Amino acid sequence: MPELPEVEVTRRGISPGLTGRTVSAVTIRAARLRYPLPQRLGQSIIGRKLLTVNRRGKYLLLDFGNGRLLLHLGMSGSLRLLPRATLAEKHDHLDIEFGKTLLRLRDPRRFGAALWLSGEAGEHPLLASLGLEPLAEEFTPHWLFSATRGRSSVIKQALMDSHLVVGIGNIYASESLFRAGIDPRTPAGKISLKRYERLVPEIRATLEAAIAAGGSSLRDFIHSDGSSGYFQQQYFVYGRTGEPCRVCGNSVKSLRQAARTTFHCTRCQR
DNA sequence: CTGGTCACCTGGAAGC
DNA sequence: TGCTTCCAGGTGACCA
């Protein structure tokens, strides 16, 4: 379930080995994921150098100078660096070869995306409407307070709205709200500035801790499936229905919000 | 414009 | 054992 931390760890995992390298081959094995795959990608990037690997929200942007390859991992996607000759398996949809190294996109549930953006990345509709980066300086308690005035939707959904703030998915929304002591059912527009002054730092701390946890497995990243360590961190509430709250011992509860499961502690979060 | 719901896809777990 | 059903999740589409 790649949320912002997993995508950032992926970026840090592939960037050093690929930046400045020249594309030697491209293989596409599927017609589409969320969107049709760019079947002519090879014509655009073979012989060109990868200049940078950037992240915007949960999107990765590989800049080749003449355009950018936008990648999204959906909920089951992964990117790995492998030796060129590594045989492809069932859900390996896209390979980009850089000499003897291979960048491989695997995505069993096909919720991910690969798009070739020949124009300015910011002009693409998928990127143009994105909200603030939660780790950027602009994401302040006062900004979130102002942006949510008049919103009747609950805070859990507001945090997961990528047009407001990017990168926070179901896991980190529940975890951040627990750490801030806020009931996930509270309307976002009714939360005080004082409470956002607690929530914003907790969002940052949650994301940064997850990046650090994944970062510790970066060394394995190159040769493994990239999943080691990411999800083995200790969640406070996520996926712990019926288990004791790590802070007060009360039973962790779950509920459905917008067709998603939310986990919370009714004693710690009010 | 806002908010709420659903489809997309597949593998794995749970239920029978 | 083997079949069926449910669930997970990010995001855009769609509707009220």
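The shown structure was predicted, so the numbers you read here are calculated from the model rather than taken from an experiment. Lettering follows sequence order; numbering is per chain, from 1.
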Subject >> Spacing of A:Arg151 atom CZ relative to B:dC1 atom C1', expressed in whole Å >> reply: 11 Å
**OP:** Could you tell me whether the side chains of A:Ser174 and A:Tyr235 share a donor-acceptor contact shorter than 3.5 Å?
**Re:** no
Original post:
In terms of hydrophobic clustering (I, L, V, M, F, W, Y; side-chain heavy atoms under 4.5 Å; direct or indirect links), are A:Leu255 and A:Leu177 co-clustered?
Top reply: no
Subject >> Nucleic acid footprint by protein, nucleotides 4-11 of chain B - heavy-atom cut-off 4.0 Å, B for base, S for sugar-phosphate alone >> reply: S---BBBB
Subject >> Atom-pair distance (CG on A:Leu159; P on B:dG3), nearest Å >> reply: 14 Å
**OP:** Return the minimal non-hydrogen interatomic distance between A:Pro36 and A:Leu115, and the atom names on each side.
**Re:** O-CD2, 4.2 Å
Original post:
Just to confirm, is there a sub-4.0 Å distance from OP1 or OP2 of C:dA8 to any side-chain nitrogen or oxygen of A:Thr261?
Top reply: yes
**OP:** Tell me whether A:Met160 is reachable from A:Ile171 by hopping between hydrophobic residues (I, L, V, M, F, W, Y) whose side-chain heavy atoms are closer than 4.5 Å.
**Re:** no
Original post:
Does A:Arg55 make a cation-pi contact with A:Tyr59, if we ask for NZ or CZ under 6.0 Å from the ring centre and within 45° of the axis?
Top reply: no
Subject >> Assigned partner base of C:dC6, Watson-Crick or wobble definition, under 3.5 Å >> reply: B:dG12
Subject >> Between C:dA8 (P) and A:Asn170 (CG): distance, integer Å >> reply: 9 Å
Original post:
Under a 4.5 Å side-chain heavy-atom rule over Ile, Leu, Val, Met, Phe, Trp and Tyr, are A:Ile182 and A:Val154 clustered together?
Top reply: no
Subject >> Gap between atoms OH and P, on A:Tyr35 and C:dT11 respectively (whole Å) >> reply: 9 Å
